[in-house]
Trainee: 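Below is the structure I would like to discuss, written out as structure tokens.
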Amino acid sequence: MGHYKSNLRDIEFNLFEVLGRDKLYGTGPFAEMDVETARTILAEVTKLAESELAASYADADRNPPVFDPETNTAPVPASFKKSYQAFMDSEYWRLGLPEEIGGTTSPRSLIWAYAELLLGANPAIWMYTSGPAFAGILFEEGNEAQKKIAEIAVEKQWGSTMVLTEPDAGSDVGAGRAKAVEQEDGSWHIEGVKRFITSGEHDMSENILHYVLARPEGAGPGTKGLSLFLVPKYEFDWETGELGERNGVYATNVEHKMGLKASNTCELTFGDRHPAKGWLIGDKHEGIRQMFMIIEFARMMVGTKAIAALSTGYLNALEYAKERVQGPDLSQFMDKSAPKVTITHHPDVRRSLMTQKAYAEGMRALVLYTASLQDEIAKNEAEGEDVKAQHALNDLLLPIVKGYGSEKSYEQLAQSLQTLGGSGYLQEYPIEQYIRDAKIDTLYEGTTAIQGQDFFFRKIVRDQGQALNTLSEEIKQFLAVGTGGAELAPARDALAKAAVDLEAIVGKMLTDLTATAEDVKNIYKVGLNTTRLLMASGDVVVGYLLLRGAAVAVEKLETASAKDVAFYQGKIAAAKFFAGSVLPGVSVERTIAESVDNSLMELDEAAF
């Protein structure tokens with residue numbers, strides 16, 4: 001077996017025992033995807049992930065692609081190509097694509113459930129397979145000719161990229177200087193340099209479609225002046241897909257990275273040697289809106305990737321801890337002849353393992369809870385219902401999935417490595433690579449600080465707190481029912497207190513925001529608390545979802561088969577542990593948030 005350890009049992013528990021997806025699958029827009037089919041897909045992807053997909057994970061890290069400046073290429077290693085092709089041959093990437101371009105309509109909860117398996121086994125594979133998913137967006141946004149391109153791109157399995165970042169602009173996308181010059185034939189010439197472009201160059205597909213944000217000549221400043229262009233690596237016949245001349249976009253560097261080395265992260269230069277021809281997507285100058293369709297999908301992916309890494313990291317650590325014999329039981333520390341025990345008997349190891357378990361399973365629940373909301377949006381849209389409130393709640397959850405998920409996964413993977421002691425620092429075990437590969441998750445598609453600001457200013461303030469109130473009411477209703485009985489009563493009390501403390505943090509930040517009318521520098525107090533708010537919100541939501549699962553487990557235990565007893569007991573234990581060990585920290589964060597002043601901002605820079 002390879003490095004990857006899946007947790008299909010917990011995925012199915014969330015989907016079919018907690019989130020009620022069994023009542024949705026096989027109905028409405030998902031009529032072709034019933035529960036039995038979904039279970040079969042998940043089982044087959046699990047087998048594929050644990051074997052062929054995981055097989056090249058370490059080799060591609062040790063022998064990553066090498067950029068050749070003479071040819072502007074960066075071929076991937078043969079072992080990785082084999083894993084990539086195994087996934088493409090499986091054709092599970094068709095799930096969720098529009099049927100008109102060869103896809104299969106599928107619930108988002110199923111897509112993100114199978115995505116966890118792929119992202120945990122070999123995340124770079126997902127990066128290189130973005131072509132069909134981006135083609136789905138081209139189909140939705142493009143004109144009639146571009147819809148045909150989307151169909152060709154899926155049929156030929158072309159690669160794709162999302163091209164935003166520029167060397168001088170970084171996360172300030174609106175400061176981008178790449179420009180687009182309109183031509184008489186209706187095409188555009190793109191000029192400029194972009195960096196940190198995932199899958200910008202590789203040799204696993206015959207063509208790559210670059211989705212490029214650029215500023216048309218004469219357009220205004222900021223993000224509103226940006227448009228989205230389709231810029232292929234090779235020009236092609238729009239009817240047949242037959243390749244033509246090389247277009248003027250080239251990889252001019254591949255970054256040397258801490259981790260995720262199999263995934264080419266490129267500098268792309270447009271129009272330096274000869275024109276880089278592009279086409280305005282959908283004939284609309286709405287670049288930032290269109291690109292956000294890709295960005296939001298990418299942020300969901302990042303959170304799922306991070307959580308998938310923590311899950312397999314924890315399960316690797318657990319396996320090691322169950323086998324590693326070291327020291328006597330602490331209760332026999334005075335007895336020099338006491339037998340040695342496995343380290344799962346040591347209190348601090350147990351504390352660490354249960355912390356890892358609670359976060360891994362709680363954040364899996366977060367991803368699938370968010371994905372289930374996306375299911376409901378698709379179902380209600382198909383029925384012609386108003387989904388504005390559901391979209392707002394989904395938007396509220398995405399920064400938590402991405403920002404909180406990536407930070408806590410990276411933090412807890414350090415604990416997974418710690419469980420192995422010195423062995424964890426060796427490449428003999430996969431956790432050191434998990435940590436290196438997971439660090440990027442806190443950085444790309446918006447750093448944690450950006451997620452925190454987005455969470456407060458765009459998802460709470462601009463929404464006038466409506467989505468946050470919806471989520472708060474859901475938690476309050478769960479607590480009011482008392483689901484889980486007496487056994488979970490202390491945990492429910494801890495969640496109720498944490499929810500109150502979270503509301504107080506939001507209240508303090510809103511007060512400081514209002515106070516900017518008197519002194520604009522009060523905005524600094526808000527900025528000092530945005531990441532704190534995001535992390536506290538994640539703790540409360542994860543605590544809630546763990547308790548929802550535990551309440552189901554309490555009920556199921558009464559009739560559980562012998563093989564499921566330990567699983568359900570674990571769900572209850574994780575929820576109680578999180579409520580007792582993590583949720584009290586929200587009260588501490590409230591105290592800190594309420595005491596924040598501007599002294600840090602007034603400090604002379606030389607004092608740092």
Side-chain angles (χ1 to χ4, degrees), residues 164 168-176 220-226 288-289 292 295-296 299 388-389 391-404 406-407 442-443 445-473 498-541 585-608:
L164 293 84
D168 295 330
S171 296
D172 186 5
V173 177
T223 56
K224 291 183 179 179
L226 297 172
I288 201 67
R289 178 191 65 79
F292 255 95
I295 291 172
E296 289 178 359
R299 287 178 174 175
K388 182 180 178 182
H391 270 297
L393 181 54
N394 179 66
D395 289 346
L396 179 78
L397 291 168
L398 281 175
I400 304 177
V401 170
K402 195 280 178 190
Y404 177 86
S406 62
E407 287 287 349
T442 69
L443 305 173
E445 310 312 332
T447 63
T448 306
I450 288 172
Q451 299 297 323
Q453 290 186 18
D454 175 66
F455 183 66
F456 179 72
F457 289 109
R458 295 183 71 240
K459 307 302 169 60
I460 294 177
V461 175
R462 195 164 75 177
D463 180 56
Q464 297 181 315
Q466 293 181 66
L468 184 63
N469 287 336
T470 298
L471 183 58
S472 297
E473 284 304 312
V500 170
D501 289 329
L502 179 61
E503 288 181 359
I505 295 173
V506 175
K508 171 64 165 61
M509 293 174 70
L510 290 172
T511 298
D512 287 336
L513 182 63
T514 302
T516 58
E518 302 167 7
D519 182 354
V520 72
K521 290 185 178 180
N522 281 310
I523 196 71
Y524 294 148
K525 298 178 187 177
V526 178
L528 288 167
N529 275 327
T530 48
T531 298
R532 176 172 291 110
L533 171 66
L534 181 64
M535 295 298 114
S537 299
D539 282 343
V540 170
V541 176
V586 180
S587 179
V588 177
E589 296 301 330
R590 171 185 178 176
T591 300
I592 297 171
E594 290 178 337
S595 66
V596 161
D597 58 29
N598 271 343
S599 59
L600 186 62
M601 301 305 297
E602 292 163 357
L603 185 65
D604 191 301
E605 201 175 69
F608 279 85

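These figures come from a predicted structure and were not determined experimentally.
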Trainee: For Asn598, enumerate each residue passing the side-chain contact (heavy atoms from CB on, under 4.5 Å) test, keeping only those at least two apart in sequence or located in another chain.
Mentor: Lys521, Tyr524, Lys525, Met601, Glu602
Trainee: Listed by chain and number, what are the side chain to side chain donor-acceptor pair (under 3.5 Å) partners of Ser599, not counting sequence neighbours?
Mentor: Asp597
Trainee: Rounded to the nearest 0.5 Å, what's the gap from CG on Leu534 to CD1 on Ile505? Could you check?
Mentor: 11.5 Å
Trainee: Identify, with sequence neighbours excluded, every residue that meets salt bridge (Lys or Arg N to Asp or Glu O under 4.0 Å) alongside Glu407.
Mentor: none
Trainee: Can you list the steps and then say if Phe457 with Leu513 is a side chain to side chain contact (heavy atoms under 4.5 Å, CB included)?
Mentor: CA-CA 10 Å; Phe457 289 109; Leu513 182 63; 4.0 Å; yes
Trainee: Can you give me the closest heavy-atom contact between Ala169 and Gly176, atom names plus distance?
Mentor: CB-N, 4.1 Å
Trainee: Tell me every residue that passes side-chain contact (heavy atoms from CB on, under 4.5 Å) with Ala389, counting only those two or more places apart in sequence or in another chain.
Mentor: none
Trainee: Kindly state each residue pair satisfying salt bridge (charged side-chain N to carboxylate O under 4.0 Å, His left out) with at least one member in residues 531-540, sequence neighbours excluded.
Mentor: Arg532-Glu589
Trainee: Between Leu510 and Val526, does the side chain to side chain contact (heavy atoms under 4.5 Å, CB included) criterion hold? Intermediate values first, please.
Mentor: CA-CA 8 Å; Leu510 290 172; Val526 178; over 6 Å; no
Trainee: Can you tell me which residue pairs pass the side chain to side chain donor-acceptor pair (under 3.5 Å) test with a partner in residues 500-513, sequence neighbours excluded?
Mentor: Lys476-Glu503, Lys497-Asp501, Asp501-Arg590, Lys508-Asp512
Trainee: Answer whether the closest heavy-atom distance between the side chains of Thr530 and Phe455 falls below 4.5 Å.
Mentor: no
Trainee: If the condition is salt bridge (Lys or Arg N to Asp or Glu O under 4.0 Å), which residues does Asp168 pass it with, not counting sequence neighbours?
Mentor: Arg177
Trainee: Could you grab the distance from atom CZ of Arg289 to atom CD1 of Ile295, nearest 0.5 Å is fine?
Mentor: 12.5 Å
Trainee: Kindly state each residue pair satisfying side chain to side chain donor-acceptor pair (under 3.5 Å) with at least one member in residues 455-465, sequence neighbours excluded.
Mentor: Asp454-Arg458, Asp454-Lys459
Trainee: Only counting residues at least two apart or in another chain, list the ones meeting side-chain contact (heavy atoms from CB on, under 4.5 Å) with Thr516.
Mentor: Asn522, Ile523
Trainee: Drop me the distance from Leu226's CG to Ile288's CD1, to the nearest 0.5 angstrom.
Mentor: 6.0 Å
Trainee: Search all heavy atoms of Ser537 against all heavy atoms of Leu502 and return the closest pair with its distance.
Mentor: OG-CD1, 3.5 Å
Trainee: Apply side chain to side chain donor-acceptor pair (under 3.5 Å) to Thr442 and list each qualifying residue two or more places apart in sequence or on a separate chain.
Mentor: Lys439
Trainee: If we ignore hydrogens and angles and just use 3.5 Å, is the side chain of Thr447 paired with the main-chain N or O of Leu443 as donor and acceptor?
Mentor: no
Trainee: Quick one, Met509 and Val461 - any side-chain contact, counting heavy atoms below 4.5 Å?
Mentor: no
Trainee: Would you mind reporting whether Gln451 and Ile400 have side-chain heavy atoms less than 4.5 Å apart?
Mentor: no
Trainee: Who are the side-chain contact (heavy atoms from CB on, under 4.5 Å) partners of Leu393, not counting sequence neighbours?
Mentor: Leu373, Leu396, Leu397, Thr470, Leu471
Trainee: Can you tell if the side chain of Asn529 reaches within under 4.5 Å of the side chain of Phe456, non-hydrogen atoms only?
Mentor: no
Trainee: Output the distance between atom OG (Ser406) and atom CD (Glu445), rounded to the nearest 0.5 Å.
Mentor: 11.0 Å
Trainee: What are the two closest heavy atoms between Thr531 and Ala449, and how far apart are they?
Mentor: OG1-CA, 3.8 Å
Trainee: Where do Arg299 and Phe292 come nearest, in terms of heavy atoms and distance?
Mentor: NH1-CE2, 4.0 Å
